[in-house]
Amino acid sequence: RKALQWNFILALIITFLLMASLFESFLYPLVIILSVPLACFGGFVGLFLVNTFITYQPLDILTMLGFVILTGTVVNNAILIVYQSLNHMKFEKMNPHDAVIEAVRNRIRPIFMTTTTSVIGMLPLVLAPGSGSELYRGLGSVVVGGLSISTIFTLILIPSLFTLTLKLKGYLFGRRDSY
């Protein structure tokens, strides 16, 4: 557990720095990285459901590796919303509120499609009986639970936080008329 907790923190740092270089800002990746705690909550819910309804699944190395995988997977949905919002503001000269709404409208279908395919693809790891299934059941339950819960909350939390961030940024830098 101690070895993998540092791997999880390292995965968060690398993800944050990659997004900071992509967006050329430290503010936007901070909004995106806030989707990770929701994913971790969903991972623990998935693990709890497996322990309750299927069989006991300990928090072993592969289960903890599921949280590291979840970190890289979950931020993709938030990146889609933030990046599309910035594109709407930059190229179409939309105000921030309308840009965020339009970005969610444009990206909700791809977000649901990727989440659905990932969850359905991982369900056999969780539900299929047989030899070796207990090895990957924890990893699958963490990824399925984390993706399911974080997708729903990401579509609510990230647009709200991003809109507030843009409003605060406009207020701090004196562009009150832009938002």
Side-chain angles (χ1 to χ4, degrees), residues 1-19 22 28-85 100-101 103-162:
R1 185 180 82 73
K2 288 187 180 221
L4 270 182
Q5 79 183 12
W6 293 111
N7 286 346
F8 180 72
I9 292 169
L10 184 64
L12 283 174
I13 291 170
I14 289 172
T15 303
F16 180 80
L17 291 176
L18 283 172
M19 288 187 298
L22 172 73
Y28 304 142
L30 194 61
V31 172
I32 293 169
I33 211 78
L34 288 175
S35 63
V36 174
L38 295 172
C40 290
F41 171 73
F44 283 117
V45 167
L47 196 59
F48 172 76
L49 291 174
V50 165
N51 282 333
T52 302
F53 296 112
I54 298 176
T55 185
Y56 173 71
Q57 178 61 47
L59 191 62
D60 58 0
I61 295 292
L62 286 176
T63 305
M64 288 187 274
L65 187 62
F67 285 103
V68 174
I69 293 169
L70 198 58
T71 302
T73 307
V74 152
V75 296
N76 292 336
N77 296 338
I79 288 172
L80 285 175
I81 293 171
V82 170
Y83 190 73
Q84 189 66 33
S85 299
V100 171
I101 290 173
V104 171
R105 187 177 296 133
N106 291 344
R107 295 300 180 190
I108 195 165
R109 186 180 301 172
I111 287 172
F112 278 140
M113 287 172 43
T114 56
T115 300
T116 303
T117 56
S118 298
V119 166
I120 290 174
M122 294 293 270
L123 274 178
L125 285 177
V126 178
L127 301 175
S131 60
S133 66
E134 65 276 352
L135 189 62
Y136 293 105
R137 185 171 286 137
L139 185 139
S141 66
V142 165
V143 173
V144 167
L147 277 176
S148 301
I149 289 182
S150 72
T151 297
I152 301 302
F153 285 122
T154 296
L155 291 173
I156 298 166
L157 178 73
I158 295 301
S160 302
L161 283 176
F162 190 58

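Quick note: residue numbers are just sequence positions, from 1.
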S.K.: With no hydrogens and no angle check, is any side-chain donor or acceptor of Ser141 less than 3.5 Å from a backbone partner on Gly138?
M.R.: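 Side chain of Ser141 to backbone of Gly138: a pair is present.
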
S.K.: So Arg137 and Ile54, do their side chains get closer than 4.5 Å, heavy atoms only?
M.R.: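 SC-SC contact between Ile54 and Arg137 confirmed.
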
S.K.: Which pair of heavy atoms, one from Phe67 and one from Leu59, lies closest together, and at what distance?
M.R.: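 Closest approach of Phe67 to Leu59, heavy atoms only: CE1-CD1, 4.1 Å.
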
S.K.: Under a plain distance cut-off of 3.5 Å, with no hydrogens placed, do Arg107 and Gln84 share a side-chain donor-acceptor pair?
M.R.: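 Side-chain D/A pair, Gln84 to Arg107: present.
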
S.K.: Do you know the tightest heavy-atom contact between Val74 and Ala39?
M.R.: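 Smallest interatomic distance, heavy atoms only, reads CG2-CB, 3.4 Å.
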
S.K.: CG of Leu62 to CD of Glu134: how many Å apart, nearest 0.5 Å?
M.R.: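 Separation between the atoms: 11.0 Å.
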
S.K.: Using the side-chain contact (heavy atoms from CB on, under 4.5 Å) rule, take Cys40 and Leu70 through it: C-alpha gap first, then chi angles, then the decisive distance, then the call.
M.R.: CA-CA 8 Å; Cys40 290; Leu70 198 58; 5.6 Å; no

S.K.: Would Ile9 and Ile13 count as a side-chain contact (heavy atoms from CB on, under 4.5 Å) if you check the C-alpha gap in whole Å, the side-chain angles of each, and the deciding distance to 0.1 Å?
M.R.: CA-CA 6 Å; Ile9 292 169; Ile13 291 170; 3.9 Å; yes

S.K.: With ring centroids as reference points, do Tyr28 and Phe162 lie under 6.0 angstrom apart?
M.R.: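 Centroid distance Tyr28-Phe162: below 6.0 Å, so yes.
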
S.K.: To the nearest 0.5 Å, tell me how far Asn77 CG sits from Thr151 OG1.
M.R.: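 OG1 of Thr151 is found 4.5 Å from CG of Asn77.
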
S.K.: Donor-acceptor pair, Thr117 side chain versus Thr114 backbone, under 3.5 Å?
M.R.: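 Yes, Thr117 side chain to Thr114 backbone: donor-acceptor pair under 3.5 Å.
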
S.K.: Show your working on side-chain contact (heavy atoms from CB on, under 4.5 Å) between Thr63 and Val142 and close with a plain yes or no.
M.R.: CA-CA 7 Å; Thr63 305; Val142 165; 3.6 Å; yes

S.K.: Minimum heavy-atom separation for Leu30 and Phe16, please, with both atom names.
M.R.: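 Of all heavy-atom pairs spanning Leu30 and Phe16, the closest is N-CE1, 3.6 Å.
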
S.K.: Side chains of Thr154 and Ser150, heavy atoms from C-beta outward: is any pair under 4.5 Å?
M.R.: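 Yes; the side chains approach each other to less than 4.5 Å.
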
S.K.: Minimum heavy-atom separation for Ile81 to Ala103, with atom names?
M.R.: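 That closest heavy-atom pairing would be O-CB, 3.6 Å.
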
S.K.: Please confirm whether the ring centroid of Phe53 lies under 6.0 Å from the ring centroid of Phe48.
M.R.: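 Centroid distance Phe53-Phe48: not below 6.0 Å, so no.
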
S.K.: Taking atom OH of Tyr83 as the centre, does the number of heavy atoms from other residues, nucleotides or ligands within less than 6.0 Å exceed 12?
M.R.: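 Count not over threshold, so no.
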
S.K.: A side-chain contact here means heavy atoms from C-beta on lying under 4.5 Å apart; do Ile158 and Ile32 qualify?
M.R.: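 The answer is no; the side chains never approach within 4.5 Å.
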
S.K.: Find the distance between OG1 (Thr116) and CG (Leu147) and round it off to the nearest 0.5 Å.
M.R.: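 Between atom OG1 of Thr116 and atom CG of Leu147 there are 10.0 Å.
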
S.K.: Which pair of non-hydrogen atoms, one from Leu12 and one from Thr71, has the smallest distance, and what is that distance?
M.R.: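 For Leu12 versus Thr71, the nearest heavy atoms are CD2-CG2, 3.6 Å.
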
S.K.: How long is the gap from OH on Tyr136 to CG on Leu125, to the nearest 0.5 Å?
M.R.: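 Reported value, rounded in 0.5 Å steps: 8.5 Å.
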
S.K.: Looking at OG of Ser118 and CE of Met113, how far apart are the two atoms once the value is rounded to the nearest 0.5 Å?
M.R.: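 It is 11.0 Å, given to the nearest 0.5 Å.
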
S.K.: So which atom in Val68 and which in Ala11 form the shortest heavy-atom distance, rounded to 0.1 Å?
M.R.: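 It is CG1-CB, 4.1 Å.
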
S.K.: Could you grab the distance from atom OG1 of Thr73 to atom CG of Asn76, nearest 0.5 Å is fine?
M.R.: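 Taking OG1 in Thr73 and CG in Asn76, the distance rounds to 6.5 Å.
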
